[in-house]
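Please read the structure below before turning to the comments.
So you know, we letter chains A, B, ... as the sequences are listed, proteins then strands, and number each from 1.
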Amino acid sequence: MTNLEIASHFSELASLMELHRENPFKIRTYQNVNTTLKKMSTEVADMSAAELAAIKGFGAAVQDKIRQLNETGEMSTLKKYQDMTPPGIRELVKVRGLGPKKIRVLWKDLGVESIGELLYAINENRLIELNGFGLKTQSSIKEKLEYFNRQRHKYRYASLEPVAMEFWELIKALTDVKVKWSGALRRRAQVIDKIELVVEHGFDNSILNNHEIINVTSNSAFLIDGMYRENYSFEIHIAPESLYYSFLAKMTGSDTYSARLKDIDSADSEEEVFLKSGLTFWPPELREEIHFDQKFDSSELIKEQDIKGVIHAHSTYSDGFDSLKALALHCKKQGFTYLGITDHSQSAVYAQGLSIESLEKQWDEINQLNQAISDFQILKGIESDILNDGSLDYPPEVLSSFDFIIASIHSVLNMDIERATSRVIKAIENPYTSIIGHPTGRLLLARPGYPLDFEKIIDACAANDVSIELNANPYRLDMDWSHIPMAVEKGVMISINPDAHSMRGVEHIKYGVLAARKGGLYRSQCLNTLEVDQFLKQLKK
DNA sequence: GTATGATCATACTGCTTGCTGGTGCAAGC
C-alpha cells in the first residue's frame, strides 16, 4: 500500500473517531500520522520495523495498524468505526466546511443519514431549529453540499494519471491496433471525469466482455463505456476506417477547436491532419478554446528540464518533513542549481512559522551549507503570510534581509472579491514582495478559493515587478493556467513552484509545467528557468 | 496514542473568524 493510501485510512479513522467523540489526543495522533505520511519521501511499505518505529509520532499502536494495512489491506479499528457509522454520514465527513460536531447534531438530533436527506431538510428550513444552527449556517452548508455534489466523480490529473496509464497498458496488451489517450485526459486538464481512449478501426470490442476489473456498461461499434476497477469511468472511441489520426485529433481537442479539423483520409500522423486542415500543429495540452486564434511557437514552450531552481520549499524549520541540508542535496542531485527555501512566517503558528530568532538560526545554517555544497546555492526566502489588511508579518528591517519573498494568504479565505483583491494588491505593492504565492487559495475538487479580479492583480504585478506563482501542487495548480496568456501579455513572469514539504514534493514541478504549457508559457517567461544570478537580478529590477 | 522525564504521570501548535445566542464554540489555517 502506498503512503497516500495508508494516510487516507488514518485520516478517515481520525474523522470518524471525532464524530464518535473519542479521546481527542488519540485523534490528534492519527491526524499527525496522516500529515507525516503525506510528507514522507520513503514508502513505509519498503521500511524495516526499526525504521518505522524511529519515525516521530509512530508508536506501537500506529506501527501495528500500518503493518495490518500492508498485510491485509484493511485496518480493523477503522472497520469498527465504519460499521458504527451510516455510509451517508461517512460521506458527509468529506464535505469541507462541515465538521464532526455539526454532523453529529444533524445525524443524532435531526435523524439525517445522507447528503440527499440533508439537502431536503435544508429546503424545508429544518436546520435552524437545531442548537448552534441558524439561517446563515444553514445556507452555507447548502452551498458547500452543492459544491461537493458538483465535484463528485471527478479526479485531479495527478491522481488519475497513473490509473489511466495502467488502463492504457491493459488495453494495449489486449489488441494489435493503435491505442491512445484522448479528451481532457490527453489535454492534461487539471480536473477530469473519465479516462478516454481512441482505438484504431478493427478493434475487437468483444475482448472486454467478462473482464475481471473492466465492467462494460454499453458497447457499440463506435463507443464502449464502462467502469475500470469499480470507480473510474472510461470511454473507448473506435475510429472510423482509415481516419485514425483525424479522429484522434478531433477527440482530443475541445469542441470548437475540433470543429476546425478536417477528415483527412489515411493520414500518417496528427501533424499531417493539422497541416492538411490548414492549421499549425499544437501539442494536445494547448487544444483549448482560449487559444483558438493565438499563435505559438511550440518549440519555445516550457519543459520540465528548463527549470533551474526549486522555489518555494519548506524544511523542518517550519512544517516540512526533511532537513534543509537533505532538501538542498536532493535538489542538487536532481540537477537543479539553486533552492529558494521558504519556510512559513511567524503568524502561521499551526505550521510552526519562524520567529525572528529562528530565522537567524536558519540563515546561519544556509551560510554554512552554501560554503560546504559546491555548484549549488540556497537562497534565503520566506513564505510570508499576507495578513487581513494586506500587510506582511515581519517588520521592514527583517523583510529587507531576505533574498526574496513569496507572499501568500493562509487565513480568512472568505473575503468578497473587492476586499480579497485589494488585500492581495496591497501585498503586491509591498516593496519586499517578489512573488505572489498560490493567488486564489483554491484546492481542486475541495475548495473554490476566494474570488479575485485577476486582471487587476496582473496589472498590479506588472506595475510593481512582482511575479506570480503557479503553485505546482496537484491540489492547487494556482494560478489557473487560463490566466497565463493575460499575465504574459503584460510582461508578468510566472514562477513554477513545487511548494514542497519534503524531498518528494519537489517532483510536483512536473504538474506545474504541464499546467504552464496548457497556458502556452514559454521558457523565457518563467522566472525559475533563469540561472541563479539572473533570477536574483530579475527580482531586484 | 505518543513522547518525555522519571517508572507511572503528564502534556500534547494556537489564533482568528463568524455564527449564535447573548458567551461559547466550530472550523479553518
Exercise for the section: Please check if the distance between the ring centroids of A:Y394 and A:Y432 is under 6.0 Å. Expected result: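 A:Y394 vs A:Y432: aromatic centres not under 6.0 Å.
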Handout entry: A:F321/A:H501 aromatic ring centres below 6.0 Å
Key =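 Between A:F321 and A:H501, the centre distance exceeds or equals 6.0 Å.
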Listing time: all N or O pairs from protein to nucleotides 19-22 of chain B that are below 3.5 Å?
residue: B:dC19; atom: O3'; partner: A:T137; partner atom: OG1; Å: 2.7
residue: B:dT20; atom: OP1; partner: A:G134; partner atom: N; Å: 2.4
residue: B:dT20; atom: OP1; partner: A:G134; partner atom: O; Å: 3.0
residue: B:dT20; atom: OP1; partner: A:L135; partner atom: N; Å: 3.4
residue: B:dT20; atom: OP1; partner: A:T137; partner atom: N; Å: 3.3
residue: B:dT20; atom: OP1; partner: A:T137; partner atom: OG1; Å: 2.9
residue: B:dG21; atom: OP1; partner: A:G132; partner atom: N; Å: 3.1

Rounded [atom1] spacing from [N] to [M] in Å:
N      : M      : atom1 : answer
B:dT2  : B:dA6  : P     : 22 Å
B:dG28 : B:dG22 : P     : 24 Å
B:dG14 : B:dA9  : C1'   : 25 Å
B:dT20 : B:dA26 : P     : 14 Å
B:dT16 : B:dG21 : P     : 24 Å

Determine, for [X] against [Y], whether the closest basic-nitrogen to carboxylate-oxygen distance falls under 4.0 angstrom.
X      : Y      : value
A:R419 : A:D416 : no
A:D459 : A:K490 : yes
A:E91  : A:R152 : yes
A:R90  : A:E12  : yes

Problem - Pairwise 5' ranking along DNA chain B for A:A351 and A:R96, keeping only the more 5' one - result: A:A351
Problem - Along DNA chain B (nearest heavy atom to each residue), the more 5'-positioned of A:S347 and A:G99 - result: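 With A:S347 and A:G99 compared, the 5'-side residue is A:S347.
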Handout entry: Watson-Crick and G-U pairing of DNA chain B written in dot-bracket, each distance under 3.5 angstrom, with | for inter-strand partners
Key = (((((..))))).((((((....))))))
Handout entry: Results of side chain to side chain contact (heavy atoms under 4.5 Å, CB included) for A:H410 - residues two or more places apart only
Key =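 Expected list: A:H344, A:Y350, A:E383, A:D385, A:S408, A:H438.
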If you restrict it to nitrogen or oxygen atoms, what contacts under 3.5 Å exist between nucleotides 3-5 of chain B and the protein, and what is each distance?
residue: B:dA3; atom: OP1; partner: A:G57; partner atom: N; Å: 2.5

Practice task
Quick one: do A:F336 and A:F376 satisfy ring-ring contact (aromatic ring centres under 6.0 Å, His included)? Show the steps, please.
Solution key: CA-CA 8 Å; A:F336 299 103; A:F376 191 80; 8.6 Å; no
Practice task
Using whole Å, report how far CG of A:L13 lies from C1' of B:dG1.
Solution key: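 So the two atoms are 11 Å apart, to the nearest Å.
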Practice task
Starting at atom OH of A:Y450, determine the distance to atom P of B:dT16, rounded to an integer number of angstrom.
Solution key: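 It works out to 19 Å between those atoms.
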Exercise for the section: Select one nucleotide: of B:dG1, B:dA27, B:dG18, the one nearest the side-chain heavy atoms of A:K102. Expected result: B:dA27
Practice task
Indicate whether any N or O donor in one side chain lies under 3.5 Å from an N or O acceptor in the other, for A:Q334 and A:E507.
Solution key: no
Exercise for the section: Return yes if a side-chain donor-acceptor contact under 3.5 Å exists between A:K380 and A:N370, otherwise no. Expected result: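 Absent: no donor and acceptor within the cut-off.
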Practice task
Please list all pairs passing the ring-ring contact (aromatic ring centres under 6.0 Å, His included) test where one or both residues lie in residues 81-117 of chain A, with sequence neighbours left out.
Solution key: A:H20-A:Y81, A:H20-A:W107
Problem - Reference residue A:F58; test side chain to side chain contact (heavy atoms under 4.5 Å, CB included); the match among A:L52, A:T29, A:N32 - result: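 Going through the options one by one, the only one that passes is A:L52.
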Handout entry: From CD (A:Q68) to CG (A:L78), nearest 0.5 Å
Key = 10.0 Å
Practice task
Would you mind calling B:dT7 syn or anti? Take O4'-C1'-N9-C4 for purines or O4'-C1'-N1-C2 for pyrimidines, and syn is within 90° of 0.
Solution key: syn
Practice task
For the residue pair A:F535 and A:F404, categorise the inter-ring angle as parallel (less than 30°), tilted (30 to 60°) or perpendicular (more than 60°).
Solution key: perpendicular
Collect all protein-nucleotide pairs involving nucleotides 8-12 of chain B in which both atoms are nitrogen or oxygen and the distance is under 3.5 Å.
none

